[in-house]
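To start, the structure itself, in structure tokens.
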Amino acid sequence: MMKYEAVIGLEVHAQMLTDTKMFCGCSTRFGSEPNTQTCPVCIGMPGVLPVMNKKALEFTIKTGLATNCKISPYSRFARKNYFYPDLPKGYQISQYELPICEGGYIEIVLDGEAKRIGITRIHMEEDAGKNIHEGSGPYSFVDLNRAGIPLMEIVSEPDIRSPKEAAEYMKKLRTILRYLGVCDGNMEQGSLRCDANVSIRPVGQKEYGTRAEVKNINSFKFVEKAMEYEIKRQIKVVEEGGRVIQETRLWDSNKGITESMRGKEEAHDYRYFPEPDLVPIAADKEWIDEIRSTLPELPDAKRERFISGYGIPEYDADLLTEEKVRAEWFEDAVKAGGKPKIVANWIITNIFKRLKEEDKEINETLLKPKHLVSLLSLIDAGSTSSTMAKTIILDEIFKSGKMPEDIVKEKGLVQISDAGEIEKAIDEILAKSQKEVERYKSGDEKLIGFFVGQIMKATKGKANPQMVNELLKKKLS
Ligand code: ADP
Ligand code: MG
Ligand code: ZN
């Protein structure tokens with residue numbers, strides 16, 4: 001049987017976190033009453049003039065710099081003409097032959113191997129409104145609050161070879177956008193959207209196959225699933241003697257399939273032409289350098305620094321640097337005296353679980369770095385057991401934000417690390433368990449667990465388990 005490989009290129013739309021729209025002063029706030037955030041410019045009245053949002057340009061340049069793009073010294077807007085009820089002007093203002101950013105790349109790591117995915121271009125454009133098909137009447141509604149919201153379109157080279165790589169690329173891009181603070185990266189709410197261009201070719205063939213463009217991938221969960229389905233579908237078409245046709249397909253997450261929507265439009269169908277109502281953009285070098293100087297430490301650099309500087313495993317560094325706030329939280333805890341490996345381990349094994357349950361990021365809870373550091377020193381000093389720390393105490397910090405030492409005192413969770421006291425408890429249990437002691441001495445060593453259990457019960461779980469084990473073994477021998 002012939003072996004095939006997939007070729008994938010992604011077109012990602014990122015909604016920019018500006019206060020106002022791309023070409024007017026309307027608010028970009030989400031969730032308002034329909035059509036309350038509109039004006040003559042964004043509802044497409046004749047005779048009005050758009051004015052570019054400078055912040056949106058700055059955000060796009062910032063993203064271009066963070067993804068190793070060249071920033072064009074001369075760039076301009078273009079009209080992309082098509083008709084749809086959510087586009088009252090009859091055209092979308094976008095960029096075409098002179099985008100603001102070109103020729104960059106993002107590095108992804110898969111199974112320990114780094115790979116560069118080329119960025120063809122990043123351009124600015126405006127979003128369309130939203131058609132609402134609700135109610136029983138023979139009509140639909142149009143909400144234009146979203147019309148004119150600033151978007152970046154980030155187009156990748158066809159460098160991606162598997163759905164896994166595509167998901168990794170999306171994750172990395174999202175992380176970068178969030179580090180920069182230019183997009184919140186929320187796919188479920190539509191502020192980050194992805195269209196996937198997918199084709200297949202026999203392994204070894206140089207030319208690309210015909211691609212289908214898969215739209216409507218509206219959740220991170222579905223990035224891989226949608227592409228896996230599409231690749232299988234195309235292979236089946238070819239294996240059965242057919243040909244893949246160039247078309248636009250819709251991902252249906254309920255059915256788990258892609259369905260043909262329309263034949264693929266070509267650029268010339270849109271009658272692109274330069275936007276006559278907006279001046280071209282000539283971003284000067286000084287301003288670009290100024291923007292460059294505001295770039296934060298990016299995820300790749302942070303990851304490297306965490307591995308070499310703190311000696312934490314790659315896996316931990318990946319997880320901690322995925323979100324900027326996590327990385328900062330980790331570093332704050334280390335600065336406050338926590339040992340890097342132990343802090344990392346606690347965040348990943350004990351804290352992430354709770355964040356997931358509460359659907360929060362680490363900076364949005366009552367647990368602060370100082371809590372963790374003092375909790376770790378209580379464990380170190382033997383003042384509390386790590387089991388209690390991970391359960392009752394951590395729960396209480398999340399609930400009330402109290403300091404661990406206060407919780408330990410209030411709840412009487414102080415661990416017994418006094419050898420005399422522990423020995424007393426051991427003696428009592430052994431005296432009560434003559435039969436078991438006999439059996440243990442005649443070789444049934446499993447009974448050690450029974451004794452430990454009884455002692456922990458007698459001390460209400462407060463005895464230092466390590467000391468119980470040591471002292472018990474000494475006594476029994
Ligand atoms: P359009 O805007 O019409 O979709 P573009 O030339 O901008 O066309 O390409 C869009 C995306 O398609 C890019 O991400 C590119 O990498 C990808 N692409 C181009 N050719 C192929 C192909 N044969 N297989 C998979 N992806 C492709
Ligand atoms: Mg396209
Ligand atoms: Zn407006």
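These values consider heavy atoms only, across backbone and side chains, with no hydrogens, waters or symmetry-generated copies. Remember, it's a predicted structure, so these values are computed and weren't measured experimentally. Order of listing sets the numbers, starting from 1, for every ligand and every atom in it.
Taking the six-membered ring for Trp, Tyr270 and Tyr96 have ring centres at least 6.0 Å apart.
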Let me see the working for Arg233 and Val237 under side-chain contact (heavy atoms from CB on, under 4.5 Å), right down to the final yes or no. CA-CA 6 Å; Arg233 185 193 71 83; Val237 167; 4.0 Å; yes
Checking side-chain contact (heavy atoms from CB on, under 4.5 Å) for the pair His371/Met403: CA distance, chi angles, key distance, verdict? CA-CA 6 Å; His371 290 105; Met403 285 305 281; 3.5 Å; yes
Begin with the C-alpha distance, continue with both residues' side-chain angles, and end with the deciding distance and a verdict on side-chain contact (heavy atoms from CB on, under 4.5 Å) for Tyr310 and Val343. CA-CA 11 Å; Tyr310 295 120; Val343 170; over 6 Å; no
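The Gly9 neighbourhood of ligand 1 comprises atoms 14 (O), 16 (O), 17 (C), 26 (N), with distances under 4.0 Å to a heavy atom of that residue. Near Pro158, the atoms of ligand 1 lying under 4.0 angstrom from a non-hydrogen atom of the residue are 16 (O), 27 (C). Ligand-side atoms of ligand 1 in range of Glu157: 16 (O), range being under 4.0 angstrom from any heavy atom. For ligand 1, the atoms lying closer than 4.0 Å to a non-hydrogen atom of Gly209 are 23 (N). For ligand 1, the atoms sitting less than 4.0 Å from at least one non-hydrogen atom of Tyr208 are 23 (N), numbered in the order shown with element in parentheses. Those atoms of ligand 1 with a heavy atom of Ser156 less than 4.0 angstrom away are 13 (C), 14 (O), 15 (C), 16 (O). Ligand-side atoms of ligand 1 in range of Leu10: 14 (O), range being under 4.0 angstrom from any heavy atom. Against a heavy-atom cut-off of under 4.0 Å, Glu213 is close to the following atoms of ligand 1: 4 (O).
A side-chain donor from one of Asn197 and Arg211 sits under 3.5 Å from a side-chain acceptor of the other. A donor-acceptor contact under 3.5 angstrom links the side chains of Glu157 and Thr120, judged on distance only. Counted by atom type alone, Glu125 and Ser94 present one or more donor-acceptor pairs between their side chains at under 3.5 Å.
If you check each of Thr120, Thr248, Asn197, Asp159 against atom 26 (N) of ligand 1, the one with the closest non-hydrogen atom is Asn197. The heavy atom nearest to atom 21 (C) of ligand 1, out of those in Gln246, Arg121, Arg211, is found in Arg211.
A salt bridge is absent between Glu358 and Arg354; no separation between the charged side-chain nitrogens and carboxylate oxygens falls under 4.0 Å.
Rounding to the nearest 10°, we obtain 110° for the angle at the Zn ion (ligand 3) between Cys24 SG and Cys42 SG. When SG of Cys39 and SG of Cys26 are joined through the Zn ion (ligand 3), the resulting angle is 100° to the nearest 10°.
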